[in-house]
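Shown next, in structure tokens, is the structure this report addresses.
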Protein chains: 2
Amino acid sequence: MTSSNKQTQTDKLAAEIGDAILSGVLAPGTRLDEHGLAEQFAVSRTPVREAIRSLAATGLVELRPRRSAVVAEITPAQLEVMFVAMGELEATCARLSAMSMTPIERRRLQNQHERMGALVESDDVAGFIDANLTFHALIYAGSHNSILADMAVGLRRRLDPYRRAQFRSPGRLPRSQAEHDRIMQAIVSGDAATAHAAMLNHVSLVEDTFIGLTATRAA
Amino acid sequence: MTSSNKQTQTDKLAAEIGDAILSGVLAPGTRLDEHGLAEQFAVSRTPVREAIRSLAATGLVELRPRRSAVVAEITPAQLEVMFVAMGELEATCARLSAMSMTPIERRRLQNQHERMGALVESDDVAGFIDANLTFHALIYAGSHNSILADMAVGLRRRLDPYRRAQFRSPGRLPRSQAEHDRIMQAIVSGDAATAHAAMLNHVSLVEDTFIGLTATRAA
DNA sequence: CACCGCAATATTGCATGCAGTTTTTAATTT
DNA sequence: AAATTAAAAACTGCATGCAATATTGCGGTG
């Protein structure tokens, strides 16, 4: 039995449609036809409507009364706002982590960082991307603030499609690792201000990479 | 005609039920009976269900599959997490404001601060509370980051019921005004780090006041 | 007297249907 | 041929109904 069997149809639909949007199967601007989606997922319109409303609250889809809901369009301007917000949230989590991580959590972060060192050596990009997620997740959790952590996770999820290419740039891995080192050191040693600054610097670089990409693409 | 006539029933219900929760008419833990609410608002269960699902996404109500949705309970621990998150968001907005407010926005903030000085002199608590909202709203907007600003607004709205009493403490007004002065000066002069620190200090004091209150109440 | 199981009731999850609005299509006019 | 308008189709918003699950009240048992 699948674990999702316990949830309602609406929940399953919200997850499924949300994934479809995030993975690009449903492109921004796509109209979400209730009848069509209902048929596609072999349910009635009711759970589809409820799922759409859930997704609207997360910002993934836009609700237009009396007209079809559409997959939310993200303008470059909005995307930059999102990247800035993401960076500030990450930096804040790093700051709080420096102040409130338990010794065990600090140790775990250190271990994760060291593990990633090996991945850099072997130039394992896929492995590094995965481990990087964990590294950042540890910092979210270390903030001991579920609200900020949830916001960060949500935004990261949302931005993920736009971050895929970031580690392709040559020399990106060692550079990331060096930045992580500064962040990790600051957090483990309880230096909140440095942790904040180092994380902000780290994510700003990601943002710059992205801005460079869109600028190129737009040209 | 009311401007809300344009919205759907679901939107109106979400707003109405949300207000009822925030204003305390619907206490935490209250079961949201779909049939009862439908009857109360003279609509069918469908829009009620959709409204509840919207509210669930904002965290105001908790959805328990196959069982009644309930008004979300806020434990003291969660409340503290919310206050911390709120403070960090405000501080971040202040930081960004220091960096990116336009001259006009800086001027506006300065004016608002000066206006509040008069309210302190005349000991107009109600007026000050209202002006205080505007002061902080100006800083959210000044961050030029709608995502962070929205998060801050949402959290503030959520915490508002727990902040009501904060300005009752004797001497709170002049003290707030002095803190605002530091924040405003830092923002206007573009000193991001100081703006961040000053705001964090400001909101921490509010939090402390609150913690003191609950501690007293719990005793 | 407390506790457990079972039937009756209440309530949610979902399907379906209808009315009103938007969108599409096609015909008519300039 | 392009534009305008009117009719048709499609779609959303909401109401209602049914099946499945949870809750409540009650009788039996230890």
Side-chain angles (χ1 to χ4, degrees), chain A residues 1-21 25-73, chain B residues 1-21 25-73:
Chain A
M1 70 186 110
T2 56
S3 64
S4 59
N5 247 351
K6 214 42 175 307
Q7 302 168 19
T8 63
Q9 294 282 48
T10 300
D11 291 326
K12 283 191 279 185
L13 281 175
E16 196 120 16
I17 298 174
D19 284 344
I21 292 172
V25 173
L26 291 173
T30 305
R31 290 178 40 165
L32 296 174
D33 178 63
E34 294 174 5
H35 183 69
L37 286 171
E39 195 153 342
Q40 185 176 336
F41 289 101
V43 295
S44 83
R45 276 177 52 220
T46 306
V48 172
R49 282 179 61 81
E50 292 179 1
I52 287 176
R53 191 155 271 276
S54 285
L55 294 171
T58 72
L60 272 183
V61 317
E62 197 185 340
L63 241 44
R64 306 171 303 172
R66 287 280 170 196
R67 301 173 56 197
S68 293
V70 296
V71 178
E73 308 250 15
Chain B
M1 70 186 110
T2 57
S3 64
S4 59
N5 246 351
K6 212 49 174 304
Q7 301 168 21
T8 63
Q9 294 283 48
T10 300
D11 291 325
K12 284 191 278 185
L13 281 174
E16 195 121 17
I17 298 174
D19 284 345
I21 292 173
V25 174
L26 290 173
T30 304
R31 289 178 41 166
L32 296 175
D33 179 63
E34 294 174 4
H35 183 69
L37 286 170
E39 195 153 343
Q40 185 176 335
F41 289 101
V43 295
S44 83
R45 277 178 51 221
T46 306
V48 172
R49 281 179 62 81
E50 292 179 1
I52 287 176
R53 191 157 272 276
S54 286
L55 293 171
T58 73
L60 272 183
V61 317
E62 197 184 340
L63 240 45
R64 307 169 304 171
R66 288 283 169 193
R67 301 175 56 197
S68 293
V70 296
V71 178
E73 308 251 15

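Note that the structure is a prediction, hence the values are computed from the model and not measured. Labels below follow one simple rule: chain letters A, B, ... track the order of the sequence lines, proteins then strands, and each chain is numbered from 1.
- Between the CG atom of A/Leu37 and the P atom of D/dA10 there is a distance of 17 Å, given to the nearest Å.
- Atom P of nucleotide D/dC11 and atom CD1 of A/Ile52 are separated by 13 Å, given to the nearest angstrom.
- When rounded to the nearest whole Å, the span between NE2 of A/His35 and C1' of C/dT23 equals 16 Å.
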(Q) If you apply the rule side chain to side chain contact (heavy atoms under 4.5 Å, CB included), what do you find for A/Val48 with A/Phe41, and how did you get there? (A) CA-CA 9 Å; A/Val48 172; A/Phe41 289 101; 5.7 Å; no
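- Rounded to an integer number of Å, the gap from CZ of B/Arg31 to P of C/dT11 is 7 Å.
- Rounded to a whole Å, the CZ atom of B/Arg64 is 10 Å from the P atom of C/dT12.
- A sub-4.0 Å separation between OP1 or OP2 of C/dG13 and a side-chain N or O of A/Thr10 is absent.
- Taken from CZ in B/Arg49 to CG in B/Leu13, the straight-line distance is 13.5 Å, to the nearest 0.5 Å.
- Comparing A/Ser68 and A/Asp11 against DNA chain C, the residue whose closest nucleotide sits nearer the 5' end is A/Asp11.
- Under 4.0 angstrom from either OP1 or OP2 of C/dG13 there lies at least one side-chain N or O belonging to B/Arg49.
- Note on A/Asp11 versus B/Arg53: salt bridge recorded, some NZ/NE/NH1/NH2 to OD/OE distance being below 4.0 Å.
- In this structure, A/Leu55 CG and A/Leu32 CG are separated by 8.0 Å, a value rounded to the nearest 0.5 Å.
- The side chain of A/Asp33 lies closest to D/dC11, out of C/dC14, C/dG13, D/dC11.
- Heavy-atom contacts from other residues, nucleotides or ligands closer than 6.0 Å to CD of B/Gln40 number more than 12.
- The distance between atom CZ of B/Arg45 and atom P of D/dA19, rounded to the nearest whole Å, is 15 Å.
- Rounded to an integer number of Å, the gap from CD of A/Glu34 to C1' of C/dT22 is 13 Å.
- Counting non-hydrogen atoms under 4.0 angstrom, A/Leu32 reaches the backbone sugars and phosphates but no base.
- Closest contact between the side chain of B/Arg66 and the listed nucleotides C/dA15, C/dG13, D/dC14 involves C/dG13.
- In this structure, B/Thr46 does not reach the D/dG13 phosphate: none of its side-chain N or O atoms is under 4.0 Å from OP1 or OP2.
- Between A/Arg67 and C/dT23, a side-chain N or O to OP1/OP2 separation shorter than 4.0 Å is present.
- Atom CZ in B/Arg53 sits about 8 Å away from atom P in C/dG13, given to the nearest Å.
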